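Computed from a predicted model, the values in this text were never measured in an experiment. Just the heavy atoms: all of them, side chains too, but no hydrogens, waters or symmetry mates, feed the values below.
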Amino acid sequence: METSPSAGLLTKRFIAGQTLEAGLEVCRRLNEEQILVTLDHLGENVTSEEEARLSANAYLAPLREIHQRGLRGSLSLKLTQIGLDLSEDLCRENIERIVSE
């Protein structure tokens with residue numbers, strides 16, 4: 001479904017790009033129009049601690065780039081993506097790592 005041309009037409013309005021760089025460029029253009037942005041790392045309900053940590057790591061680069069580029073925006077964190085269904089402690093550890101970045 002991800003590579004389907006039909007899906008691309010339907011999701012284009014909501015998904016700024018398939019890569020971080022593409023998404024950040026859309027964020028920059030939207031900021032120029034005085035529109036705030038939110039970046040989202042797709043996926044939820046991980047099934048292992050490793051997946052949860054990898055998902056948490058995936059938020060670090062966008063967070064750095066938002067700051068370095070001076071973009072007016074935020075990240076949308078999904079607690080189930082960073083381990084809440086597995087362990088509250090794991091989720092808290094991942095949140096703390098992200099927000100301390």
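- Listed by chain and residue number, Arg69 satisfy the side chain to side chain donor-acceptor pair (under 3.5 Å) test with Glu21 (two or more places apart in sequence, or in another chain).
- Between Glu50 and Leu54, some side-chain heavy-atom pair lies under the 4.5 Å cut-off.
- Checking side-chain atoms of Asn94 against main-chain N and O of Ile82 turns up a donor-acceptor pair under 3.5 Å.
- Between Glu25 and Arg28 a salt bridge is recorded (basic side-chain N to carboxylate O distance below 4.0 Å).
- Tyr59 is connected to Leu39 through a chain of hydrophobic side-chain contacts under 4.5 Å among Ile, Leu, Val, Met, Phe, Trp and Tyr, so both are in one cluster.
- Ion pairing between Arg29 and Glu33 fails under the 4.0 Å rule for side-chain N and carboxylate O.
- Screening residues 36-45 for salt bridge (charged side-chain N to carboxylate O under 4.0 Å, His left out) gives Asp40-Lys78 as the qualifying pairs, with residues at least two apart or on separate chains.
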- Task: Decide side chain to side chain contact (heavy atoms under 4.5 Å, CB included) for Leu63 and Val99; before the verdict, give the C-alpha distance in whole Å, the side-chain angles of both, and the deciding distance to 0.1 Å.
- Result: CA-CA 9 Å; Leu63 189 60; Val99 298; over 6 Å; no

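- Within the 3.5 Å criterion, the main-chain N or O of His41 finds a donor-acceptor partner in the side chain of Gln81.
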Indicate every side-chain donor-acceptor pair of residues 85-92 with a distance under 3.5 Å to a residue at least two apart or in another chain.
unit_1: Asp85; atom_1: OD2; unit_2: Asn45; atom_2: ND2; d: 2.8
unit_1: Ser87; atom_1: OG; unit_2: Asp89; atom_2: N; d: 3.2
unit_1: Ser87; atom_1: OG; unit_2: Leu90; atom_2: N; d: 3.1
unit_1: Asp89; atom_1: OD1; unit_2: Arg92; atom_2: NH1; d: 3.0

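- Here the side chain of Glu51 pairs a donor or acceptor atom with the backbone of Thr47 at under 3.5 angstrom.
- In this structure, Val46 is not a member of the same hydrophobic cluster as Ile98, with clusters built from ILVMFWY side-chain heavy atoms closer than 4.5 Å.
- Distance check, rounded to the nearest 0.5 Å: CG of Leu75 to OG1 of Thr38 gives 8.5 Å.
- Taking CG of Leu84 as the start and CG of Leu77 as the end, the distance is 12.0 Å to the nearest 0.5 Å.
- Note on Leu36: it does not cluster hydrophobically with Val26, by side-chain heavy-atom contacts below 4.5 Å among ILVMFWY residues.
- The distance from the CZ atom of Arg72 to the SG atom of Cys27 is 11.0 Å, given to the nearest 0.5 Å.
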